[in-house]
Amino acid sequence: VRVCVVGCGAVGSLFAAHLGRLGGAEAWAYDLARDHVEAINAHGLRLSGRAELVGRVQATADASALPPCDFGILATKSMHTRAAIEATAHAFESGAVCSVQNGVGNEEIVAEHVERVIRGTTFPAGHIVEPGHVEMDTTGDTWIGPFEPRPAPMEEVDRLADALSRAGMPTLALEDARGAQWTKLIFNAATNPVGALTELSHGRVCDLEPTRRLVSGLVAEGKAVAARLGVELDGDPDELVDHAREVAYDHKASMLQDVQAHRPTEVDFLNGGIARFGGEAGVPTPLNEAIAALIKGVERSFAEKEETRT
Amino acid sequence: VALERVCVIGAGTIGSLVAAHLARIAPVSVLTRRPEHAAALSEHGLRVSGKAEFTARVSATSDPAELEDFDLGVFATKATALEAAASLVAGRAPGAAMMTMQNGLGAEEVVSRQGRWPLISSVTFMSGIRHGDAHVEYELDTATWMGPYAGTRTSPELVAEVGRMFRAGELKAEVFDDLRPAQWSKLIFNAAVNGTAALTGLPHVRLFAQREEHWQLGHLLQDLIAEGRAVAAAAGVKLREDPWEMNCLAVERGETAHADYAHLPSMLEDVQARRPTEVEAINGQLVRAGERLGVAVPLNAAVYRLVKAKEESWKLVRPKPEEAVLR
């Protein structure tokens, strides 16, 4: 089986490196960071932390160098989904593409360019230590299933889950993978922007009454949208919030890291996604809309600051 | 009614502008928090540049015991510093009238806890930039609106006299029998604009009034203001100006169209300096009024909670700069 990870950042590298050690598999990676690509090709893709291994991966920053693949694993940040799949779609003409990204709305974009699409949600996380070397911070499962409007057949989903699980990334194939996706979506959309707007760690967001109440308000809207869509959640996102307080008190939300580094955020696929699906389903989501607008304003302020500097 | 001697309590931007202009027509004393601030004012006088150019002579002190008696006291501190400032003059100048100039609501209650002075409410739209302890730039020479504190014994004649003094000192002033319609217009405007600026880091730019794209901030401002209007209506206050119109006018005046010239709402300045903001007096007052009157204000509550939490983050040790993350 030939698999190409599209977007080989921290999460993408976890998949690529594990696949690079699987017998009978050929792992490719497409990423725009040339130093990362060159390091992978020279020394292999190294993981440390919760996994210690070096995977053999063929990496490229040039999409035209990709061979036809059986599977794509899309792991870019959501705002790069469109550009990434437009560049690489030719490699998946006879394959299926699975998104393991944050938020909702990525599969819809993939489906504009690829025939068979797989919906996915993943929990393992890591960070890049240096080019060619990623630290795996947390282990966890990945849930995948056919993307209903443009589905990959279940046998194909099973095949990918089997390959990933054998490679050391435990993956469950489900007929309906929306529950896992929406549970994580609602959790992320309720906690990430609150951390980003207040610069507080997850635990502090939970401990302060004003922010904890706001988080619950955001969760309630997300649950209402999921319910109207007929999505059965895996768990109560509010309980996940409290659980995360116990295990990741000092964690700084990725959106807070983005904001502090003046990078664009994934808000369009988190709160913006909930608001979009809510609007289509006729469920009001005023808080998620307000939060999305504030984060877009924060992103806009980076541009203002750049302009002022010149 | 004759108000001969004036005391300005707090010499930030607004306090400095008021003290300097009134000093043209009356003896003005200034009570500052810092002794060196008072020393600079006494030594150099108070220079005004921008819309007006002059230097005023004021007597300044940081010790309330040194204050001479006065007939009109003007509280010009930030809302966050009002309680402490009012307690400094507690029991003094029993015959004086006191005027509050703070943003938001509730300043009069704070002052009335420290003395039985007749109270004048005011809302000011002028703005300036402090260039030092003894130099303030007069930026926008827009009006100050004033009126008797609702439901108290303050006479309209007293307010009229203060209005006359402002104008004689060449500040713009308008006098109202009931200031609440103006106060609430500005409250709702400030809650939406200052809160959004504080959270996004954006000055009051055109995006605040734009609604062409779904993500633009005009939608949020419109929704925040709609909640505020509903609270005002439930409170029986007929707004003097529509806060949405105020928002559109402010960003279309030209000077705020680009970041280089955009007005920096005071709450954003406070956030940038990691100082306590006026969120309690502005957003907090609006949210509590909504709760009291049974009007749902979920979006204003969200903004209020986020700003409160942001203030909390400054109490922590400042985090190290993020390590560069490859992507």
Side-chain angles (χ1 to χ4, degrees), chain A residues 7 9-10 31-33 35-36 76-77 80 127-131 134 193-194 197-201 204-205 208-214 217-218 252 256-261 263 267-268 272 275-276 279 286-287 289-305 307-308, chain B residues 195-203 205-208 210-211 213-224 226-227 258-262 268 271 274 279 284 287 296 298-316 318-327:
Chain A
D31 198 273
L32 296 179
D35 49 356
H36 192 43
T76 65
K77 289 236 176 190
H80 304 310
H127 66 274
I128 296 188
V129 179
E130 60 190 337
V134 166
V194 175
L197 289 167
T198 61
E199 299 187 50
L200 292 168
S201 73
R204 296 272 302 164
V205 164
L208 290 172
E209 189 258 346
T211 35
R212 187 63 186 84
R213 279 176 67 180
L214 179 57
L218 289 162
K252 270 183 9 187
L256 172 54
Q257 297 178 34
D258 288 338
V259 163
Q260 287 180 333
R263 286 190 299 251
V267 72
D268 285 336
R276 209 161 52 245
L287 279 178
E289 282 167 38
I291 292 293
L294 288 170
I295 295 289
K296 297 305 277 183
V298 170
E299 292 179 6
R300 180 66 210 161
S301 78
F302 306 151
E304 297 275 349
K305 281 164 194 157
E307 279 172 33
T308 311
Chain B
T196 300
L199 290 171
T200 60
L202 283 171
V205 288
R206 211 161 262 186
L207 185 62
F208 282 47
Q210 287 173 333
R211 289 176 292 174
E213 305 283 341
H214 76 274
W215 56 271
Q216 287 176 323
L217 283 171
H219 298 287
L220 175 62
L221 271 286
Q222 188 185 34
D223 293 346
L224 287 167
E227 286 184 0
H258 191 272
D260 292 8
Y261 307 103
L268 175 55
V271 164
R274 302 197 161 210
V279 70
V287 168
L299 300 183
N300 277 281
V303 168
Y304 170 61
R305 289 168 179 161
L306 286 167
V307 176
K308 291 294 287 180
K310 203 174 181 80
E311 290 181 339
E312 286 296 317
S313 74
W314 306 329
K315 295 178 186 166
L316 303 170
R318 203 170 176 158
K320 283 183 215 153
E322 275 303 297
E323 288 175 30
V325 178
L326 283 166
R327 183 70 231 178

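By convention in this document, chain letters (A, B, ...) are assigned in the order of the sequence lines, proteins followed by strands, and residues within each chain are numbered from 1.
- Using a 4.5 Å cut-off between non-hydrogen atoms, the part of residues 216-224 of chain B that approaches chain A consists of Leu217(B), Leu220(B).
- Distance check: Thr198(A) OG1 to Glu311(B) CD gives 12.0 Å after rounding to the nearest 0.5 Å.
- Closest of all the heavy-atom pairs between Pro286(A) and Leu299(B) is O-CD2, 3.6 Å.
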**Request:** List the steps, then state whether side chain to side chain contact (heavy atoms under 4.5 Å, CB included) holds for Thr196(B) with Leu294(A).
**Result:** CA-CA 7 Å; Thr196(B) 300; Leu294(A) 288 170; 4.1 Å; yes
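- In this structure, chain B has heavy atoms under 4.5 Å from both the backbone and the side chain of Ala290(A).
- For Ile295(A), no part sits under 4.5 Å from any heavy atom of chain B, backbone or side chain.
- We find the NZ-CG distance between Lys308(B) and Leu208(A) to be 10.5 Å, quoted to the nearest 0.5 Å.
- Comparing Arg213(A), Glu209(A), Lys296(A), Glu289(A) by heavy-atom pairs within less than 4.5 Å of chain B, the highest count is held by Arg213(A).
- Listed here is the closest heavy atom pair of Pro298(B) and Leu287(A): O-CD2, 3.9 Å.
- Salt bridge annotation for Glu199(A)-Arg274(B): present, with a cationic side-chain nitrogen under 4.0 angstrom from a carboxylate oxygen.
- Side-chain contact between Val194(A) and Leu306(B): present, with at least one pair of heavy atoms (C-beta onward) separated by less than 4.5 Å.
- In plain terms, the two heavy atoms of Ala309(B) and Thr211(A) that are nearest each other are CB-CG2, 3.2 Å.
- Nearest heavy-atom pair, Leu214(A) versus Ala302(B), reported as atom, atom and distance to 0.1 Å: CD1-CB, 3.6 Å.
- When heavy atoms are compared at a cutoff of 4.5 Å, Leu207(B) approaches chain A solely by way of its side chain, counted from C-beta outward.
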